Amino acid sequence: MTKMADVNGIPYEQSELYRMRHTLAHVLAQAVLEVYPEAKLGIGPPIQDGFYYDFDLGTAENGKPRTFKPDDLPQLEARMRTIVAGKHDLRCREVSAAEAQALFADQPYKLELIDGLAQGQADADGNPLAEPVVISTYRHDNFEDLCRGPHLAHTGDIPVDGFKLMSVAGVYWRGDEKRPQLQRIYGTAWANKRDLQRHLRMLEEAKKRDHRTLGRQLEIYMMDEEIGPGLPLWLPNGNILREEIAKLAREMEDAGGYQQVSTPHIAKESLYVRSRHLPYYADSMYAPMDRDGSRYYLKPMNCPFHHKIYASKPRSYRDLPLRLAEYGMIYRYEQSGELFGLMRVRAAQQNDAHIYVPEAQFEAEFMAVMDLYRHYFRLFGIDKYVMRLSKHSKAGLGKKYVDNEVMWLKMEELVRQTMIRHHIPFVEAEDEAAFYGPKIDVQIWSAIGREFSLATNQVDFAQPASFNLTFTNRQGEEEMPLCIHRAPLGSHERFIGFLIEHYAGDFPVWLAPEQVRVIPITDEQNEYAVQLTRQMAHLGIRAHADLDGSRMNAKIRAAQVMKVPYMLIIGEREVREGTVSLRRRDGQRQQGVSPLAFISHVRERIEGRLADL
RNA sequence: GCCGACGUAGCUCAAUUGGCAGAGCAAUGCUCUUGUAAAGCAUAGGUUAUGGGUUCAAGUCCCAUCGUCGGCUCCA
């Protein structure tokens, strides 16, 4: 989770809302303890729109961990309201580590937190702390919790009808899948009933712009159980989006000095051993296919293939930067629980390229890629994103990351300084790098608020070495290039999934699968409608005539539901005058329009990739 | 992969405590020939995700598998 937004100009962490949510988390814990007195408490912080609390409910009669049932939520919520209505004061007190240990003697998770605090090593999230902190508790009614605060003065300040328990989830203690799984209850909380209802309505609205809902409605893609999880099929409308985006990317790459290549979807095991995908990335790869004693893998990335192309002949510094682009299909065995519509799939087409560049030219080339990103983002009107410098972690060296700390630090500094010199705002994140090097990821959010990496710009110092990639420099010496892996549009799947939500299905004209729908009022006008449609199709406009026997209003509705940018209504008058009546997706209308004027208006929007209708 | 929930017609959803599987939209046919977001009538559409089990009787209860969803872990 990235930093949360300010509330009325005050940092969220200092806002009244934050304290109220924090206090509600305590109230929830108290309510849970009333129902399950033996429950062990995890942590319970405020989050984006509310709060959560983690519990270990112990073991049930059947020997499995006890879990919350959905029926528990209304019951707990009712208890919470009763507690809130008790108007209990919250009292903070500072305690020594020994006192805290005595106080929470039967709370193993709290004891672990206390140990961390006592040693001045980690906060409740497990993040390292600079200096030892004071241990404090907050108490209200009969419930006392280890907590650094802040809280409301008393529970009477909590709006009784401003909160709601939302869902239950299993979560690993401290986010570590090797540790016990706790039960988390999520709640949302607001200053008053109206704000809560507005939030709930917003969630409903977000669902309507969810790419899974719109993807079906607009007939963009489908999934099929028999084909497999995470393996989308692109319907004709969706494929138009793919082709338009590919065309755009192709233009940009031609202009940027890229060369297009194509490579197979599978390769032998030894390739991935050399690239180090097998040691570092095997969990994300499909199981190998055995044929005649060789093992073949579906490719999870295009890079090893491009490295082979690079290595296929001696390279001179004059050839560099060498930019190899491929719209390659990649296959990744993502964990089943992670699949998510188009945003997280197992077969994806990447707008991929690998740029081989002497270290001396790295900055210019890296910036050319960043400029390309910003060009795309401007074109699509994407302004809500965060650039993230994704770094290695010391603990992951040799496990998740190639084991060369010197190079990691050097490359991270190289990227950091490049970004700073060019005044590009970014955040830094530990333990988010690719196994072969650090990267700049562009983080975006789905309609329902889930965070994803979209574009990525990566530095690879590892694979050029594994593949013995070299070039002859000006001095006649063999030198190793760096490799930049870049995917400004991420994958087609995720990018289009994101675009659907970004535009709420109202694609700009150049992207719209159907650009114009011609609607004759009666079948007397069918012939004119077909003639207009042919004329437009001839000029590269995606136009269709709706010759269905239904009424005009129904045809308009059908076109609106499909979010077709332009509707041309054709009645007796239009045929007589040789005009069209234009209705735009946004409801604006214009009568007596000349077909030629309309066509040139549309073509202008298509050719200029303009955002307006 | 883990925790929880869910799976009924192409889509959105019904179906009392276990008791004859239904509606709207979409599709198809016919009638209407219509002026800016849904005309009327009719027809067709289902092994209730799949496989077992309990029962006189299962969409409904139990088990397993597959899939989807909310999270966790992970990631383009």
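As the structure is a computational prediction, the values presented were derived from the model and not from experiment.
The CZ atom of A:Arg486 lies 4.5 Å from the CD atom of A:Glu253; values are rounded to the nearest 0.5 Å.
Applying the salt bridge (charged side-chain N to carboxylate O under 4.0 Å, His left out) definition to pairs two or more places apart or across chains, none involves residues 520-532 of chain A. Applying the salt bridge (charged side-chain N to carboxylate O under 4.0 Å, His left out) test to pairs two or more places apart or on separate chains, those with a residue in residues 430-449 of chain A are A:Arg388-A:Glu432, A:Arg388-A:Asp441, A:Lys391-A:Glu430, A:Lys400-A:Asp431, A:Lys439-A:Asp441.
In terms of polar N and O atoms assigned as donor or acceptor, the side chain of A:Arg184 never comes within less than 3.5 Å of the base of B:rC3 in a complementary pairing. Contact annotation: side chain of A:Ser491 to base of B:rA76, donor-acceptor pair present below 3.5 Å. Within 3.5 Å, no donor on the side chain of A:Tyr52 pairs with an acceptor on the base of B:rG71, nor the reverse.
For A:Tyr528, the ring-ring contact (aromatic ring centres under 6.0 Å, His included) test picks out no residue, with sequence neighbours left out. With sequence neighbours excluded, no residue forms a ring-ring contact (aromatic ring centres under 6.0 Å, His included) with A:Tyr172. Here A:His375 pairs with nothing under the ring-ring contact (aromatic ring centres under 6.0 Å, His included) rule; sequence neighbours left out. For A:Tyr373, the ring-ring contact (aromatic ring centres under 6.0 Å, His included) test picks out no residue, with sequence neighbours left out. Annotation: salt bridge (Lys or Arg N to Asp or Glu O under 4.0 Å) contacts of A:Asp176 (sequence neighbours excluded): none.
A:Gly337 comes within 4.0 angstrom of a nucleotide base, judged by non-hydrogen atoms across all strands. Residue A:Ser453 is in sugar-phosphate contact alone, with no base atom involved, counting any heavy-atom pair closer than 4.0 Å across all strands shown. Within the 4.0 angstrom heavy-atom criterion, only backbone atoms of the sugar-phosphate kind lie near A:Ala554; the bases stay farther away. Among the heavy atoms of the strands, none lies under 4.0 Å from A:Gly228. Base contact: A:Gln181 has a heavy atom under 4.0 Å from a base atom. Among the heavy atoms of the strands, none lies under 4.0 Å from A:Phe452. Residue A:Phe340 is in sugar-phosphate contact alone, with no base atom involved, counting any heavy-atom pair closer than 4.0 Å across all strands shown.
Between A:Phe51 and A:Phe163, a ring centre-to-centre spacing not shorter than 6.0 Å is recorded. Ring pair A:Tyr297/A:Tyr281: centre-to-centre distance not below 6.0 Å. In this structure, A:Phe377 has its ring center closer than 6.0 angstrom to the ring center of A:Tyr385.
Rounding to whole angstrom units, CE of residue A:Met329 and C1' of B:rA76 are separated by 13 Å. Rounded to whole Å, atom P of B:rU68 lies 14 Å from atom CZ of A:Arg344. Going from atom CG of A:Asp210 over to atom P of B:rU68 covers 15 Å, rounded to whole Å. Across the protein-nucleic acid pair, A:Ile556 atom CD1 and B:rA38 atom P stand 9 Å apart, rounded to whole Å. Here the P atom of nucleotide B:rC72 and the CD atom of A:Glu451 are 11 Å apart, to the nearest Å. Atom-to-atom, CG of A:Asp72 to C1' of B:rG4 comes out at 11 Å; the value is rounded to the nearest Å. In this structure, A:Leu339 places its CG atom 11 Å from C1' of B:rG1, rounding to the nearest Å.
When base pairs are accepted only as Watson-Crick or G-U wobble with both N-N or N-O distances under 3.5 Å, RNA chain B takes part in stems of 3 or more pairs at B:1-7 with B:66-72, B:10-13 with B:22-25, B:27-31 with B:39-43, B:49-53 with B:61-65.
Across the C1' atoms, B:rU50 and B:rU31 are found 44 Å apart, a figure rounded to whole Å. B:rG22 and B:rG59: their C1' atoms are spaced 12 Å apart (whole Å).
Place A:Glu177 and A:Leu489 on RNA chain B by their nearest nucleotides, and A:Glu177 ends up nearer the 5' end.
Listed by residue number, the members of residues 511-520 of chain A with any heavy atom below 4.0 angstrom from RNA chain B form an empty set. Within residues 563-579 of chain A, the residues having any heavy atom closer than 4.0 Å to RNA chain B are, in order of number, A:Ile569, A:Gly571, A:Glu572, A:Arg573, A:Glu574.
Looking at heavy atoms from C-beta onward, A:Asp56 lies out of side-chain contact with A:Gln183 at the 4.5 angstrom threshold. The shortest side-chain heavy-atom distance between A:Arg179 and A:Glu112 falls under the 4.5 Å cut-off. Between A:Val171 and A:Tyr52, the closest side-chain pair of non-hydrogen atoms is not below 4.5 Å. Counting heavy atoms from C-beta outward, A:Pro180 and A:Tyr109 have side chains that approach closer than 4.5 Å. Side-chain contact between A:Asp49 and A:Trp190 is present, with heavy atoms from C-beta onward closer than 4.5 Å.
The side chain of A:Arg557 places no N or O atom within less than 4.0 Å of a non-bridging phosphate oxygen (OP1 or OP2) of B:rC25. Residue A:Arg583 places at least one side-chain N or O under 4.0 Å from the OP1 or OP2 atom of B:rA37. OP1 or OP2 of B:rG70 sits under 4.0 Å from a side-chain N or O of A:Arg450. Phosphate contact (OP1/OP2 of B:rA76, side-chain N/O of A:Lys439, threshold under 4.0 Å): present. Between A:Thr67 and the phosphate of B:rC3, there is no side-chain N or O to OP1/OP2 separation shorter than 4.0 Å. Applying the 4.0 Å criterion to OP1 and OP2 of B:rA26, one finds that A:Arg216 has every side-chain N and O outside that range.
Listed candidates were B:rA76, B:rC3, B:rA37. Nearest to the side chain of A:Gln560 is B:rA37. Here B:rA76 is the nucleotide among B:rC72, B:rC11, B:rA76 with the atom lying nearest to any side-chain atom of A:Gln350.
The aromatic rings of A:His485 and A:His307 sit perpendicular to each other, their planes meeting at more than 60°, with 30° as the lower class boundary.
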Under 3.5 Å, which N/O atoms of the protein pair with N/O atoms of nucleotides 28-34 of chain B?
| unit_1 | atom_1 | unit_2 | atom_2 | d |
| --- | --- | --- | --- | --- |
| B:rC32 | O2 | A:Arg551 | NH1 | 2.9 |
| B:rC32 | O2 | A:Arg551 | NH2 | 3.4 |
| B:rU33 | O2 | A:Asp523 | N | 3.4 |
| B:rU33 | N3 | A:Asp523 | OD1 | 3.3 |
| B:rU33 | N3 | A:Asp523 | OD2 | 3.1 |
| B:rU33 | O4 | A:Asp523 | OD2 | 3.1 |
| B:rU34 | O2 | A:Arg551 | NE | 3.1 |
| B:rU34 | O2 | A:Arg551 | NH1 | 3.4 |
| B:rU34 | O2 | A:Arg551 | NH2 | 2.8 |

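A side chain to side chain donor-acceptor pair (under 3.5 Å) with A:Gln591 is found for exactly one of A:Arg583, A:Glu577, A:Arg573, namely A:Arg573.
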What does nucleotides 41-49 of chain B look like as a protein-contact string, B for base, S for sugar-phosphate only, - for none, at under 4.0 angstrom between heavy atoms?
---------

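Stacking of A:Arg66 on the aromatic ring of A:Tyr36 is not recorded, the 6.0 Å distance cut-off and the 45° axial limit not both being met.
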